[in-house]
Amino acid sequence: MKNTFHLFLCFLLLLVVSCSSNTNENSLPETPNEEKFYFPPLNATTWETKTISELEWNENQLQPLLDYLKEKNTKSFMILHNGKIVVEEYMNGHDASKVWYWASAGKTLTSTLTGIAIDEGIISLNNKVSKYIGTKWTSASLEKENLITCKNLLSMNSGLDDRLGDEVLPSNLHYFTDAGNRWAYHNVYVKLQDVIAQANSTSWNSYFNSKLKDRIGMTGSWIKLNSSNVYWSTTRSMARFGVLIGAKGKWNDSQIVSESFLNEATNSSQNINESYGYLWWLNGKNNYLLPKIQTQLSGSLIPNAPNDMYAALGKNDQKIYIVPSKNIVIIRMGEEANTTNLALSSFDNELWSKINSLIN
């Protein structure tokens, strides 16, 4: 009996070893770790680079792209891959030390700060705006004004009349329809800056500097222009912000803004204009509306760009393009390429045709 028991134990041991061996032989090889995002050091001019040949892009298409950009009144252009600089060019009298305006591309800074304030529990997206800044901030009745939430300001569907100009004064903010029923590109989003300042008992600039600018090494400043608050910076500061968003809100080991908020911000915020998130423009959707136009247009915002691309678009072709599937961030600053515009222009699709020739 004793020998039989020993033989049984040996059989079990051989069976376990055999199964373990078969499992190892049939298991799939491990996927190599994806390259981590690179974050340039704070308060430093050093920034790691990567070559076009490393990425196996079409190097002979770089010069045609740069020639096109120069011809189209561009001042600066950058392409970054996983945070490293692949292309950085300055032209038409601009250089790395000079600042330029973000125009409406800077709306995404306000979106991001709103996300940070939500993450910190300072404000709630679905609370009415008047909870934070008081009533009579519009000329609408109290009943209609109280329908407008922070989310409506982020989504551009406040229901206020956009035909009266961009001045964000009560006398200029008239009721058009109930909040949520109409998408209209309007400067009223800037009231979110007052919401955040009031809720945090500080100034907008102070909150922006401590929660975003200083934490990712940006330079630049907000400059008041009538009711607008326009951000001006170097191209590399715009690129730092692009890298933060491309890295899903992280900077090194710090989560500056939650990934969950950014996911929400870069998806359709309402069903009237599918191509608009929380002050971000979205590619690859079924339809879109443009500033000052109420006609819904069919198709993708920028047909030549990848479907998963989303963008910060500013007056006269200020651009931040972010493409998660390719791990790239693209920056363009300059004068208008073709004609004066508020956001999207024909330049976007033309430019992406040139970019595709380089990167595909």
Is there a path of hydrophobic side-chain contacts, each under 4.5 Å between heavy atoms, that joins [X] and [Y]?
X      : Y      : result
Leu164 : Tyr189 : no
Trp47  : Leu55  : yes
Leu169 : Trp137 : no
Leu65  : Met333 : yes
Leu313 : Ile328 : yes

Side chain of [X], backbone of [Y]: donor and acceptor closer than 3.5 Å?
X      : Y      : result
Asp161 : Arg163 : yes
His186 : Gly165 : yes
Asp119 : Ser258 : yes
Thr112 : Thr108 : yes
Asp162 : Ala184 : no
Trp352 : Pro303 : no
Asn283 : Pro306 : yes
Asn209 : Asn205 : yes
Thr149 : Asn126 : no
Asn172 : Val168 : no

Work out which heavy atom in [X] is nearest to a heavy atom in [Y]; give both atom names and the distance.
X      : Y      : value
Lys248 : Leu262 : C-CD1, 3.6 Å
Thr138 : Leu173 : CB-O, 3.5 Å
Ile256 : Leu244 : CG1-CD1, 3.7 Å
Gly180 : Asn152 : N-ND2, 4.0 Å
Val329 : Gly242 : CG2-O, 3.5 Å
Trp204 : Ala197 : N-CB, 3.8 Å

From CA spacing to verdict: side chain to side chain donor-acceptor pair (under 3.5 Å), Ser104, Tyr185: CA-CA 11 Å; Ser104 285; Tyr185 195 76; 3.1 Å; yes
Let me confirm one number: the [atom1]-[atom2] distance from [X] to [Y], rounded to the nearest 0.5 Å.
X      : Y      : atom1 : atom2 : result
Ser203 : Gln198 : OG    : CD    : 11.0 Å
Lys75  : Leu69  : NZ    : CG    : 13.5 Å
Met218 : Ser237 : CE    : OG    : 5.5 Å
Gln318 : Met238 : CD    : CE    : 6.5 Å
Tyr231 : Leu109 : OH    : CG    : 7.0 Å
Asp178 : Asn157 : CG    : CG    : 11.5 Å

Results of side-chain hydrogen bond (donor to acceptor under 3.5 Å, both in side chains) for Asn316 - residues two or more places apart only: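 Here the qualifying residues are Tyr101.
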Residues which pass side-chain hydrogen bond (donor to acceptor under 3.5 Å, both in side chains) with Arg240, listed by chain and number, not counting sequence neighbours: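 Not a single residue meets the side-chain hydrogen bond (donor to acceptor under 3.5 Å, both in side chains) criterion with Arg240.
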Does [X], at its [atom1] atom, have more than 12 non-hydrogen atoms belonging to other residues, nucleotides or ligands within less than 6.0 Å?
X      : atom1 : value
Asn360 : CG    : yes
Lys136 : NZ    : no
Lys144 : NZ    : yes
Lys285 : NZ    : yes
Glu143 : CD    : no

With heavy-atom distances below 4.5 Å as the criterion, would you say the side chains of [X] and [Y] are in contact?
X      : Y      : value
Trp100 : Glu335 : yes
Leu154 : Leu125 : yes
Ile196 : Leu113 : yes
Thr110 : Lys107 : no
Ser357 : Asn58  : no
Thr46  : Pro41  : yes
Ile118 : Val257 : no

Centroid-centroid under 6.0 Å between Trp232 and Trp102 rings: no
Within the 6.0 Å centroid threshold, strictly below: Tyr288 and Tyr276: no
Do [X] and [Y] pair up side chain to side chain, a donor and an acceptor below 3.5 Å, judged on atom types alone?
X      : Y      : value
Ser298 : Asn286 : no
Arg332 : Thr74  : yes
Ser97  : Asp95  : yes
Asn73  : Glu336 : no

Is the closest basic N to carboxylate O distance between [X] and [Y] below 4.0 Å?
X      : Y      : value
Lys211 : Glu120 : yes
Glu145 : Lys128 : no
Asp67  : Lys70  : no
Lys50  : Glu35  : yes
Lys72  : Asp317 : no
Asp348 : Lys319 : yes

Parallel, tilted or perpendicular: rings of Trp251 and Phe39 (30°, 60°): tilted
Aromatic Tyr68 / basic Lys354 pairing, under 6.0 angstrom, 45° off normal: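 Because its charged atom sits under 6.0 Å from the ring centre and within 45° of the axis, Lys354 does stack over Tyr68.
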Chi angles and distances behind the side chain to side chain donor-acceptor pair (under 3.5 Å) call for Ser233, Thr219: CA-CA 6 Å; Ser233 81; Thr219 60; 5.8 Å; no
Working for side chain to side chain donor-acceptor pair (under 3.5 Å), residues Trp222 and Gln193: CA-CA 12 Å; Trp222 293 93; Gln193 297 180 5; over 6 Å; no
Stepwise side chain to side chain donor-acceptor pair (under 3.5 Å) test for Ser353 and Glu350: CA-CA 5 Å; Ser353 175; Glu350 294 171 6; over 6 Å; no
